[in-house]
Novice: 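So that we are looking at the same thing, I have put the structure below in structure tokens.
None of the values given here were measured: they were computed from a predicted structure. Just so you know, these numbers use all the heavy atoms, side chains as well, and skip hydrogens, waters and symmetry mates. Every chain is numbered from 1 and lettered A, B, ... according to where its sequence line falls, protein lines coming before strand lines.
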Amino acid sequence: MDRSPMRLTQGFIPTLKETPNEAQIASHRLMLRAGLVRQTSAGIYAWLPLGLRVLRNIERIVRQEQDAAGAQELLMPTIQPAELWKESGRYDDYGKEMLRIVDRHDRDMLFGPTNEEMVTDIFRNSVHSYRDLPLNLYHIQWKFRDEVRPRFGVMRGREFLMKDAYSFDIDRAGAVLSYRKMMLAYMRTFQRLGLKAIPMEADTGPIGGDLSHEFIILAPTGESQVFYDAAFEDIDYGTSGAGGFSHESAEDLEKFFDKMTTVYAATDEKHDLEKWDTIAADRRREGRGIEVGHIFYFGTKYTKAMNVTVATADGKQIHPEMGSYGIGVSRLVGAVIEASHDDAGIIWPDSIAPFRAAILNLKSGDAACDALCQKLYDALGADALYDDRPDRAGVKFNDADLMGHPWQIIVGPRGAAAGKVELKRRATGERSELSPEDALAKIAETAAGRG
RNA sequence: CGGAGCGUAGCGCAGUCUGGUAGCGCAUCAGUCUGGGGGACUGGGGGUCGUGGGUUCGAAUCCCGCCGCUCCGACCA
């Protein structure tokens, strides 16, 4: 994803001093105030430049982890023919949540709420042999679900950006392996977003199947009450290190999966008081949770209904085993803010911040300030936001805090004369006076993972 | 889909009960002074009061319909 630096006098970042009255929860309020999104109708949002940068940054991490797990990206359309859904039997089952469309030739179409049918159709047209399996295909595409009651800003919109992956395997054992790979990829993805996610056993809903986990992150404004064992907090998902796991090793994946599923974690719907009581009191954790991902193993549900077969090594025809794996990319923007903000505004994790650092020119027009800011702006590159507006210092401090840049480089006339800048870390509020070079070096230390 | 509420300038609101020339704060534009946590002063611009109908000499205000948005509940990435 191309990124470019921005001068605030030229950029389109309309911040609001007051909260629009339709926004009730923190993330929604802050997304509107910081100029990330604007609502166009109930549950449908336009993404403004600042919000789009965050969305793209999250996509990038999601994509990297999907690729690392062996999934391949493609892009399927938003509009689908109704025939496929009639074949699977879901055209009637899905109900009013599915937006149905009739085109000029009177053909039944729909705006896709998910893509099992379409990907299965693509698969069956080209894959006919066990030699091509396993296969995992994913895309990051807009979905539409005509929710009865959209709310919480982008956290439950009707139109939303989702990463959805679909695995095809020759047998159940293979499908379980694919499922575990995705679970590991998900944990790493959420970790890189600065989120503490916990997989919890879940119902399969309209997708179908007999194995399913939802990934819940903790935030005070979450929709459901969740309960879990503190042991989750100590698990290391990294690729290296003693506790690390590898996508390549079935043994690793099994160990990882066991660890994820034997430690207690449940939403209020599935909460089991008997099991809960067996956990040491000091390890019981309780809080509110937001669902940011959901994975399913559903076997041959679609391959049977849609008559998909592949040849096995001994010449038989079998129905491949499938799973599907979703991450709510646009929802994550809201979820991250829910998990990371304060009274002044957003606190972006380094990995997905729209800009890594804001340069605050406290006296634009002052020769020394302007020159120093320009130098910093050139040195920082694509991730720099330069507040070169002629406004007063307080306005810039407040907007920078609101927008939540991980670093603020504050350049004032006194410091500029002495060749010093002030560096502020948004998350901690910590400030230090440094040379411009030292400030840049310190910012560079937190650049990891933005690749 | 059940229940509740709201719709007046870009944003936040008053005015509606009791009908009589549409207001406040912020933002915006011009200028002067200011200059390290949302500055001061002066002057200016911006409104089919969600929408359609009705009552009335006269409707933001009263009556009826419709639309939009939000909140609570049931449902979902």
Novice: Which nucleotide in the list C72(B), U70(B), G38(B) gets nearest to the side chain of Glu22(A)?
Specialist: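 So the side chain of Glu22(A) is nearest to U70(B).
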
Novice: What is the distance from CD of Glu223(A) to C1' of A77(B), rounded to the nearest Å?
Specialist: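 So the CD-C1' distance, Glu223(A) to A77(B), works out to 11 Å.
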
Novice: Please state the C1' separation for the pair C57(B) and G15(B) - nearest whole angstrom.
Specialist: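 Nearest-Å result for C57(B) against G15(B) at atom C1': 23 Å.
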
Novice: With heavy atoms under 4.0 Å as the rule, sort Lys143(A) into base, sugar-phosphate or nothing.
Specialist: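 No contact at all - Lys143(A) keeps every heavy atom at 4.0 Å or more from the nucleic acid.
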
Novice: Can you tell me which residue among Lys143(A), Met98(A), Met162(A) is in a side chain to side chain contact (heavy atoms under 4.5 Å, CB included) with Pro113(A)?
Specialist: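 Going through Lys143(A), Met98(A), Met162(A) one by one, the side chain to side chain contact (heavy atoms under 4.5 Å, CB included) with Pro113(A) is satisfied by Met98(A) alone.
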
Novice: In Watson-Crick or G-U wobble terms, both distances under 3.5 Å, what is the partner of C1(B)?
Specialist: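 Per the H-bond distance test, G73(B).
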
Novice: Given G12(B), C71(B), G36(B), which nucleotide is nearest the side-chain atoms of Gln24(A)?
Specialist: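 In terms of side-chain proximity for Gln24(A), the closest of G12(B), C71(B), G36(B) is C71(B).
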
Novice: Nearest to the Arg149(A) side chain among C71(B), A77(B), C11(B), which nucleotide is it?
Specialist: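 Taking heavy atoms from C-beta onward, the closest nucleotide is C71(B).
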
Novice: Which nucleotide, in any strand shown, forms a Watson-Crick or G-U wobble pair with G35(B), with both distances under 3.5 Å?
Specialist: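 The base-pairing partner of G35(B), which may sit in any strand shown, does not exist here.
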
Novice: Which whole number of Å gives the distance between the P atom of U32(B) and that of C69(B)?
Specialist: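 Here U32(B) and C69(B) have their P atoms 46 Å from each other.
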
Novice: I need the CZ-P distance between Arg392(A) and C41(B), as an integer number of Å.
Specialist: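 For the pair Arg392(A) CZ and C41(B) P, the rounded distance is 13 Å.
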
Novice: Would Phe296(A) and His294(A) count as a close aromatic pair, with their ring centres under 6.0 Å?
Specialist: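 Ring centroids of Phe296(A) and His294(A) are less than 6.0 Å from each other.
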
Novice: How many Å lie between CZ on Phe144(A) and P on C76(B), as a whole number?
Specialist: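 Going from CZ in Phe144(A) over to P in C76(B) covers 18 Å.
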
Novice: Could you tell me how far apart Asp391(A) (CG) and G36(B) (C1') are, to the nearest whole angstrom?
Specialist: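 Whole-Å distance recorded here is 14 Å.
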
Novice: Examine the base of C11(B) for any acceptor or donor lying under 3.5 Å from a partner atom in the side chain of Arg33(A), and report the outcome as yes or no.
Specialist: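 No such pair is found, so the answer is no.
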
Novice: Tell me the partner of G58(B), counting only Watson-Crick (N1-N3 plus N6-O4 or O6-N4) or G-U wobble (N1-O2 and O6-N3) with both under 3.5 Å; none if nothing fits.
Specialist: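 By the stated definition (distances under 3.5 Å), nothing pairs with G58(B).
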
Novice: Could you please name the option among G38(B), A77(B), U70(B) that lies closest to any side-chain atom of Met162(A)?
Specialist: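 Among G38(B), A77(B), U70(B), the one nearest the side chain of Met162(A) is A77(B).
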
Novice: Let's test your reading of the model: under 3.5 Å, does the base of C76(B) pair with the side chain of Arg145(A) as donor and acceptor?
Specialist: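 No.
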
Novice: Tell me if the aromatic rings of His271(A) and Trp276(A) count as close, with their centers under 6.0 Å from one another.
Specialist: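 Yes - the distance between ring centres of His271(A) and Trp276(A) falls below the 6.0 Å cut-off.
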
Novice: Ring centroids only, cut at 6.0 angstrom: are Tyr297(A) and Tyr179(A) within range, meaning strictly under it?
Specialist: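 No, they do not, as the ring centres are separated by 6.0 Å or more.
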
Novice: Hey, does the side chain of Arg431(A) come within less than 4.0 Å of G36(B)'s phosphate (OP1/OP2), counting only N and O?
Specialist: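 Answer no for this pair, as no side-chain N or O of Arg431(A) is under 4.0 Å from OP1 or OP2.
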
Novice: Can you check the distance between C62(B) and G25(B), where both ends of the measurement are the C1' atom (answer in whole Å)?
Specialist: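 My reading of the C1' atoms in C62(B) and G25(B) gives 30 Å.
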
Novice: If the test is side-chain hydrogen bond (donor to acceptor under 3.5 Å, both in side chains), which one of Glu73(A), Lys163(A), Gln72(A) qualifies with Gln66(A)?
Specialist: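 Of all the options given, the one that passes is Lys163(A).
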
Novice: OP1 or OP2 of C1(B) sitting under 4.0 Å from any side-chain N/O of Lys96(A)?
Specialist: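 Yes, Lys96(A) has a side-chain N/O under 4.0 Å of OP1/OP2 on C1(B).
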
Novice: Do any side-chain nitrogens or oxygens of Asn21(A) fall under 4.0 Å of OP1 or OP2 in U70(B)?
Specialist: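 It does not, given that no N or O in the side chain of Asn21(A) lies less than 4.0 Å from OP1 or OP2 of U70(B).
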
Novice: From the options C11(B), C69(B), C76(B), select the nucleotide whose nearest atom is closest to the side chain of Arg331(A).
Specialist: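 My answer, after comparing the listed nucleotides, is C76(B).
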
Novice: Has the side chain of Ser41(A) got a donor or acceptor atom that lies under 3.5 Å from a matching backbone atom of Ile44(A)?
Specialist: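 Checking the backbone N and O of Ile44(A) against the side chain of Ser41(A), no donor-acceptor pair under 3.5 Å is found.
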
Novice: Tell me: CG of Asp268(A) to P of C76(B), nearest whole Å?
Specialist: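 Checked: the CG to P distance equals 13 Å.
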
Novice: From the list A77(B), C11(B), G37(B), which nucleotide is the closest neighbour of the side chain of Phe160(A)?
Specialist: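 Selected nucleotide (nearest to the side chain): A77(B).
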
Novice: Give none if C6(B) has no partner; otherwise give the nucleotide forming a Watson-Crick or G-U wobble pair with it, both distances under 3.5 Å.
Specialist: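 For C6(B), the partner nucleotide comes out as G68(B), under the 3.5 Å rule.
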
Novice: Select from Thr40(A) and Gln408(A) the residue whose nearest nucleotide in RNA chain B is closer to the 5' end of that strand.
Specialist: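 The residue closer to the strand's 5' end, by nearest nucleotide, is Gln408(A).
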
Novice: Between C11(B), G38(B), C75(B), spot the one nearest the side chain of Val395(A), thanks.
Specialist: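 Within the option list, the nearest is G38(B).
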
Novice: Across the strands shown, which category fits Gly293(A) at heavy-atom distances under 4.0 angstrom: base, sugar-phosphate, nothing?
Specialist: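 The residue Gly293(A) makes sugar-phosphate contact but no base contact.
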
Novice: Testing Gln408(A), Arg7(A), His405(A) one by one against Leu385(A) for a side chain to side chain contact (heavy atoms under 4.5 Å, CB included), which residue passes?
Specialist: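 Passing option: His405(A).
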
Novice: Taking the C1' atom of each, how far is C71(B) from C64(B), in whole Å?
Specialist: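 To the nearest whole Å, 26 Å.
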
Novice: Measure from NZ or CZ of Arg426(A) to the centre of the six-membered ring of Trp407(A) and say whether it is under 6.0 Å with the direction within 45° of the ring axis.
Specialist: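 Output no; distance or angle outside limits.
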
Novice: Return the nucleotide paired to C49(B): Watson-Crick means purine N1 to pyrimidine N3 with N6-O4 or O6-N4, wobble means G-U with N1-O2 and O6-N3, both under 3.5 Å.
Specialist: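 None - no nucleotide pairs with C49(B), as no candidate has both distances under 3.5 Å.
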
Novice: Charged N to carboxylate O below 4.0 Å: is that the case for Asp388(A) and Lys396(A)?
Specialist: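 Not counted as a salt bridge, because no side-chain N and carboxylate O are separated by less than 4.0 Å.
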
Novice: Taking atom P in both G39(B) and U51(B), what distance in whole Å separates the two?
Specialist: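 Each nucleotide's P atom is 35 Å from the other's.
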
Novice: Describe the nucleic acid contact of Val292(A) in one word from base, sugar-phosphate, nothing, applying a heavy-atom distance below 4.0 Å.
Specialist: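 Here Val292(A) touches the backbone only, sparing every base.
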
Novice: Using the C1' atoms only, state how far G53(B) lies from U48(B), rounded to an integer number of Å.
Specialist: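 My reading of the C1' atoms in U48(B) and G53(B) gives 16 Å.
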
Novice: Measuring from the side chain of Glu147(A) (C-beta onward, heavy atoms only), which nucleotide among C11(B), C76(B), G35(B) has the closest atom?
Specialist: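 From the listed options, C76(B) comes nearest.
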
Novice: Counting the atoms with a prime plus P, OP1 and OP2 as sugar-phosphate, which does Leu16(A) contact under 4.0 Å by heavy atoms, base, sugar-phosphate, or nothing?
Specialist: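 Touches nothing.
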
Novice: Counting only side-chain heavy atoms from C-beta out, which of C69(B), G38(B), C76(B) sits nearest to Lys17(A)?
Specialist: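 Nearest nucleotide to the side chain: G38(B).
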
Novice: Could you tell me how far apart Arg156(A) (CZ) and C69(B) (P) are, to the nearest whole angstrom?
Specialist: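 For the pair Arg156(A) CZ and C69(B) P, the rounded distance is 16 Å.
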
Novice: If you measure from the C1' atom in C41(B) to the same atom in A4(B), how many Å do you get, rounded?
Specialist: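 Comparing C1' positions in C41(B) and A4(B) gives a spacing of 47 Å.
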
Novice: Planes under 30° and centres closer than 5.5 Å, is that true for Phe397(A) with the base of G36(B)?
Specialist: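 By the stated criterion, Phe397(A) and G36(B) do not stack.
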
Novice: What integer distance in Å separates Gln39(A):CD from G10(B):C1'?
Specialist: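 Rounding to the nearest Å, CD of Gln39(A) and C1' of G10(B) are 16 Å apart.
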
Novice: Figure out the CG/P separation between Leu99(A) and A77(B), and round it to whole Å.
Specialist: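 Taking CG of Leu99(A) and P of A77(B), I get 18 Å after rounding.
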
Novice: Using both distances under 3.5 Å as the test, list the Watson-Crick or G-U wobble partner of C11(B), or none.
Specialist: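 Pairing partner, where one exists within any strand: G25(B).
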
Novice: Would you indicate what Ser41(A) reaches in the nucleic acid, counting non-hydrogen atoms under 4.0 angstrom: base, sugar-phosphate, or nothing?
Specialist: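 Ser41(A): backbone/sugar contact only, no base atoms under 4.0 Å.
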
Novice: Decide yes or no, distance alone: a donor-acceptor N/O pair under 3.5 angstrom between the base of G38(B) and the side-chain of Asp399(A).
Specialist: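 Between G38(B) and Asp399(A), which were checked side chain against base, a qualifying N/O pair under 3.5 Å is present.
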
Novice: In whole angstrom, give me the gap between the C1' atoms of A77(B) and A59(B).
Specialist: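 Roughly 48 Å separates the two C1' atoms.
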
Novice: What is the nucleic acid contact for Gly95(A), judged by heavy atoms within less than 4.0 Å: base, sugar-phosphate only, or nothing?
Specialist: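 Nothing: the residue Gly95(A), judged by heavy atoms under 4.0 Å, touches no strand.
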
Novice: Specify the residue among Arg414(A) and Ala23(A) whose closest nucleotide of RNA chain B lies further upstream toward the 5′ end.
Specialist: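 Its nearest nucleotide being more 5', the pick is Arg414(A).
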
